[in-house]
Amino acid sequence: MPRPRVLSGVQPTGALHLGNWLGAIRNWVNLQDSHDTFFCVVDLHAITVPHDPEQLAADTRKTAALYLAAGIDPSRSTVFVQSHVPAHSELAWLLNCVTPLNWLERMIQFKEKAIKQGDQVSVGLLDYPVLMAADILLYDADLVPVGEDQKQHLELARDIAQQRINARFGQKDADGEPIPVLKVPEPLILKEGARVMSLTDGRSKMSKSDPNEGSRITLLDPPELITKKIKRAKTDPVMGLEFGNPERPETDNLLGLYAILSGKGREAVAAECAAMGWGTFKPLLAEAAVEALRPLQQRYAELSADPAELDRVLAGGRERAQSVAQATLDRTRAALGFLPVH
Ligand code: AQP
């Protein structure tokens, strides 16, 4: 039995933070044992908001290196840069032409991000979910790990594949059974999938694009900076620390981080911190964060010393990704009636 295939990626839109690690990349590491894993740096998505070219190039390398530093193993996973495989852009165009505009206009993430950009909002931002559909569908992914914020986009990818491509352009076999053009992926809801909130507002998620750097701990923050950010993190004046009180989102978030980063788990942490004040708790959390990130930061430093090694990994990943993607693109082109290339 082939192992189920999983595809995921992160945008190189800035420094990766604890949310990206605990909510995404750390879970990918475990999937490598049981799944056929494809992880890409989705740089084409990164230009759907205004960007700086030098920064994009630097962040793309950094993001790829952080995948490896976090434990993604190129001998078990296909690690590549999205724009190195042109089939992403080409399939996105084919899917664009069958996707109703109103499906995109109702995407929540588009509405949220578009409000921030006013008149400057690009067609690319509206089209983001179609490119994401192309990313997933190109690799015949069985499963896509999704957080709450990406569920709507995965649903759209499924609808495009099923209703707009397979139902319209799929053939039937001799028994009248449909032969799908594109594989319809399922969401992979990870039990351990942590949602990490901002250090300055426990009701909004930790995010690369938050203008306040104090709102996030990035994976390459040095120990002193981690300690300083945690010291300044928003808290509340209530004595004793507890999980799950909706009036205390910051407490829930910081305790949750401590439970994961210390490896102690929620039950032990709830007992340990029940009577604690912030002055005792924050240094503990800071130490747990510094220690949890230490091995990753060490591996990152080693990788940075050998840029050619990262280039080799990305070239190998591109080659494998390209061969899978091209087969899907050719199948889709043929189904839509494009003349084969001779
Ligand atoms: N705060 C978070 N908690 C848990 N998971 C998170 N992810 C992001 N923030 C958190 C997960 O990280 C993966 C990659 O995300 P992305 O870079 O594609 O875009 P994003 O979700 O929009 O991440 P950011 O950091 O908020 O970036 P910006 O600010 O650029 O939009 C996804 O699996 C996501 O769920």
Side-chain angles (χ1 to χ4, degrees), residues 6-31 37-52 55-56 59-60 62-64 66-67 70 72 81-82 88 107-117 121-122 124-125 128-129 131-133 135-136 141 143-154 157 185 187-213 215-221 229 233 249-250 252-254 256-257 259-261 289:
V6 167
L7 175 120
S8 199
V10 173
Q11 302 182 71
T13 40
L16 266 55
H17 51 72
L18 280 183
N20 300 128
W21 187 40
L22 301 177
I25 300 168
R26 206 182 57 141
N27 303 316
W28 302 351
V29 175
N30 300 330
L31 287 171
T37 41
F38 281 65
F39 300 120
C40 53
V41 180
V42 285
D43 55 346
L44 294 171
H45 286 273
I47 66 163
T48 57
V49 291
H51 81 287
D52 172 72
Q55 195 63 45
L56 175 66
D59 284 343
T60 302
K62 217 174 187 181
T63 303
L66 278 169
Y67 286 5
I72 302 298
V81 174
Q82 180 192 30
H88 289 257
M107 291 293 117
I108 294 161
Q109 201 176 80
F110 171 69
K111 289 190 210 161
E112 285 173 358
K113 289 199 174 175
I115 288 169
K116 290 189 201 154
Q117 291 183 38
V121 60
S122 70
L125 188 67
Y128 179 114
L131 179 60
M132 180 172 153
D135 301 338
I136 297 166
L143 295 163
V144 182
V146 278
E148 203 51 48
D149 50 343
Q150 291 293 343
K151 263 191 193 158
Q152 198 186 23
H153 290 167
L154 181 64
L188 175 63
I189 312 287
L190 295 160
K191 281 191 255 45
E192 293 292 310
R195 186 165 164 80
V196 179
M197 309 310 280
S198 156
L199 296 184
T200 47
D201 173 7
R203 292 184 204 276
S204 51
K205 73 165 194 163
M206 188 175 279
S207 161
K208 295 188 225 92
S209 54
D210 188 324
N212 182 355
E213 300 220 351
S215 69
R216 60 184 164 268
I217 292 174
T218 80
L219 301 184
L220 297 176
D221 279 350
K229 285 178 176 174
E250 286 80 20
D252 188 75
N253 185 42
L254 296 179
L257 278 177
I260 299 177
L261 295 170

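Whatever order the structure lists ligands and atoms in, that order sets their numbers, starting from 1. Keep in mind that the numbers below use all heavy atoms, side chains included, and drop hydrogens, waters and symmetry copies.
Every residue two or more places apart in sequence or in another chain that forms a side chain to side chain contact (heavy atoms under 4.5 Å, CB included) with L261 is listed here: L18, W21, L22, L257, L285, A288, A289, A292. Residues passing the side chain to side chain contact (heavy atoms under 4.5 Å, CB included) test with Q150 are Q109, Y128, M132, V146, H153, sequence neighbours excluded. With sequence neighbours excluded, the residues that form a side chain to side chain contact (heavy atoms under 4.5 Å, CB included) with S209 are S207.
In this structure, Y67 contributes its side chain and C40 its backbone to a donor-acceptor pair below 3.5 Å. Listed for the K113 side chain is no donor-acceptor partner under 3.5 Å among the backbone atoms of V49. A distance-only check finds a donor-acceptor pair linking the side chain of K229 to the backbone of R216 [under 3.5 Å].
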Which protein N or O atoms sit under 3.5 Å from any N or O of ligand 1? Give atom names and distances.
residue: ligand 1; atom: 1 (N); partner: V196; partner atom: O; Å: 2.6
residue: ligand 1; atom: 1 (N); partner: M206; partner atom: N; Å: 3.4
residue: ligand 1; atom: 1 (N); partner: M206; partner atom: O; Å: 2.9
residue: ligand 1; atom: 3 (N); partner: V196; partner atom: N; Å: 2.9
residue: ligand 1; atom: 5 (N); partner: G19; partner atom: O; Å: 3.1
residue: ligand 1; atom: 12 (O); partner: N20; partner atom: ND2; Å: 3.1
residue: ligand 1; atom: 17 (O); partner: Q11; partner atom: N; Å: 3.2
residue: ligand 1; atom: 17 (O); partner: K208; partner atom: NZ; Å: 2.4
residue: ligand 1; atom: 19 (O); partner: Q11; partner atom: NE2; Å: 3.3
residue: ligand 1; atom: 21 (O); partner: K205; partner atom: NZ; Å: 3.0
residue: ligand 1; atom: 25 (O); partner: H17; partner atom: NE2; Å: 2.7
residue: ligand 1; atom: 25 (O); partner: K208; partner atom: N; Å: 3.1
residue: ligand 1; atom: 26 (O); partner: K205; partner atom: NZ; Å: 3.1
residue: ligand 1; atom: 26 (O); partner: S207; partner atom: OG; Å: 3.2
residue: ligand 1; atom: 27 (O); partner: K208; partner atom: NZ; Å: 3.1
residue: ligand 1; atom: 29 (O); partner: S207; partner atom: OG; Å: 2.6
residue: ligand 1; atom: 29 (O); partner: K208; partner atom: N; Å: 3.3
residue: ligand 1; atom: 29 (O); partner: S209; partner atom: N; Å: 2.8
residue: ligand 1; atom: 29 (O); partner: S209; partner atom: OG; Å: 2.5
residue: ligand 1; atom: 30 (O); partner: T13; partner atom: OG1; Å: 2.9
residue: ligand 1; atom: 31 (O); partner: K113; partner atom: NZ; Å: 3.3

